[in-house]
Amino acid sequence: MGKPKNKSVPVRLQRVLDEAEELFAREGFLHFSTDELARRLRCSKRTIYAVAPGREKFFEAVILHRVAKAEDATIAPLRDAPTVQAAVQGCIKVGVEQAQDATALFMRDVMLFPAGRRAVDKWRADIADELEHVIERGIGEGLFRKIDPRVAAEALLTSVLRVCESDFSSKSRTTTSEAVRQVYEIFWAGLFRGRRYTKRVQRIREERQVAVV
């Protein structure tokens with residue numbers, strides 16, 4: 001993912017990026033004018049232009065800022081987990097946490113915004129690479145059913161993105177974060193081999209709940 005060069009961004013501009021990210025996640029962003037952004041972020045329009053040269057470029061900078069952090073948070077447990085089971089647990093935990101932090105309005109605007117859709121597509125491809133490795137490992141260890149790892153990874157991420165879309169959320173009886181959790185658990189349960197898979201997923205769920213507490 002093309003990551004914003006935040007290491008060299010002055011503190012005041014970093015503050016604007018962070019607060020814009022939180023604002024967009026709550027309310028969406030396509031409806032904001034530059035004047036409204038400056039008012040809501042308690043900064044001047046000059047400061048916004050210092051982040052990016054124009055309203056839509058500012059939107060893009062904020063989205064890349066958020067997506068880069070989300071990607072790093074998702075990849076870390078997949079790469080660093082000592083076991084496949086731990087990777088699954090971390091995958092579920094991070095996925096649910098990220099769904100809790102963004103509204104359907106934000107996801108709607110991201111997918112309507114060309115630069116946002118490109119960022120999401122890149123995120124999906126990068127995360128799919130990591131999931132593919134975990135699934136291959138699980139198959140090699142005899143934990144998972146023999147299935148094409150890439151197909152499985154893409155199917156999971158496509159389903160996760162689908163339940164985050166506004167039209168799905170408006171018709172669903174559950175919250176987006178709960179829908180994401182269910183998608184992950186259904187997916188991983190379907191990969192584990194034999195009748196023992198339900199116990200594995202239940203144990204992962206219990207360990208996740210203990211970790212949250």
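None of the values given here were measured: they were computed from a predicted structure.
In the hydrophobic clustering of this structure, Leu23 does not group with Tyr49; members are Ile, Leu, Val, Met, Phe, Trp, Tyr whose side-chain heavy atoms approach within less than 4.5 Å, directly or through other members. Under a hydrophobic-cluster definition in which Ile, Leu, Val, Met, Phe, Trp and Tyr are linked whenever side-chain heavy atoms come within less than 4.5 Å, directly or via other members, Val134 and Ile147 are assigned to the same cluster. Hydrophobic clustering of Ile, Leu, Val, Met, Phe, Trp and Tyr side chains at less than 4.5 Å, counting indirect connections, keeps Leu105 apart from Leu112.
Under the 4.5 Å side-chain criterion, counting only non-hydrogen atoms from C-beta, Met107 is not in contact with Thr176. At least one side-chain heavy atom of Cys164 sits under 4.5 Å from a side-chain heavy atom of Val180. Contact annotation: the side chain of His65 approaches that of Asp18 to within less than 4.5 Å [non-hydrogen atoms, C-beta and beyond]. Counting heavy atoms from C-beta outward, Leu13 and Leu17 have side chains that stay 4.5 Å or more apart. Contact check for Arg15 versus Cys43: side-chain heavy atoms found under the 4.5 Å cut-off. Considering only heavy atoms from C-beta on, Val88 stays 4.5 Å or farther from Tyr184 through its side chain. Using a 4.5 Å cut-off on side-chain heavy atoms (C-beta onward), Leu161 and Trp123 make contact. Side-chain atoms of Thr103 and Glu27, non-hydrogen and from C-beta on, never get closer than 4.5 Å to each other.
Residue Ala81 comes nearest to Arg137 through the heavy atom pair O-NH1, 3.8 Å, listed as atom of the first residue, atom of the second, then distance. The minimum heavy-atom distance between Ser177 and Ala99, with the atom names listed, is CA-CB, 3.7 Å. In plain terms, the two heavy atoms of Ala119 and Ile63 that are nearest each other are CB-CG2, 4.1 Å. A pairwise comparison of heavy atoms in Leu78 and Cys91 identifies CD2-CB, 4.0 Å as the closest pair. Scanning all heavy atoms of the two residues, the minimum distance from Pro77 to Val94 falls at CG-CG2, 4.0 Å. Counting all heavy atoms, side chain and backbone alike, Ala128 lies closest to Ala153 at O-CB, 3.8 Å.
Note that the NZ atom of Lys69 and the OG1 atom of Thr74 stand 12.5 Å from one another [nearest 0.5 Å]. The CE atom of Met111 lies 11.5 Å from the CG atom of Asp109; values are rounded to the nearest 0.5 Å. Considering CG of Leu191 and NZ of Lys146, their distance stands at 14.5 Å, rounded to 0.5 Å. A distance of 4.5 Å separates CD in Glu130 from CD1 in Ile75, rounded to the nearest 0.5 Å. Between Leu41 atom CG and Glu36 atom CD the span is 9.5 Å, to the nearest 0.5 Å. The CG atom of Leu143 sits 9.0 Å away from atom OG1 of Thr83, with the distance rounded to the nearest 0.5 Å.
A distance-only check finds a donor-acceptor pair linking the side chain of Thr158 to the backbone of Glu154 [under 3.5 Å].
The only option from Phe106, Phe24, Phe29 that meets the ring pair (Phe, Tyr, Trp, His ring centres under 6.0 Å) definition with Phe113 turns out to be Phe29. Partner of Asp121 under the salt bridge (Lys or Arg N to Asp or Glu O under 4.0 Å) criterion, chosen from Arg118, Arg117, Arg124: Arg124. Of the residues listed (Arg42, Arg40, Arg12), the one engaging Glu19 in a salt bridge (Lys or Arg N to Asp or Glu O under 4.0 Å) is Arg42, and it is the only one.
When the side chain to side chain donor-acceptor pair (under 3.5 Å) test is applied to Gln182, the partners found at least two apart in sequence or on another chain are Glu178. With sequence neighbours left out, Phe144 forms a ring-ring contact (aromatic ring centres under 6.0 Å, His included) with Trp188, Phe192.
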Compile the donor-acceptor pairs under 3.5 Å between side chains in residues 54-62 and protein atoms, sequence neighbours left out, one pair per line.
| from | atom 1 | to | atom 2 | distance (Å) |
| --- | --- | --- | --- | --- |
| Arg55 | NE | Phe32 | O | 2.6 |
| Arg55 | NH2 | Leu30 | O | 2.6 |
| Arg55 | NH2 | Phe32 | O | 3.3 |

Apply the test salt bridge (charged side-chain N to carboxylate O under 4.0 Å, His left out) to residues Asp35 and Arg39: give CA-CA distance (whole Å), side-chain angles for both, the deciding distance (0.1 Å), then the verdict. CA-CA 6 Å; Asp35 287 335; Arg39 186 182 70 80; over 6 Å; no
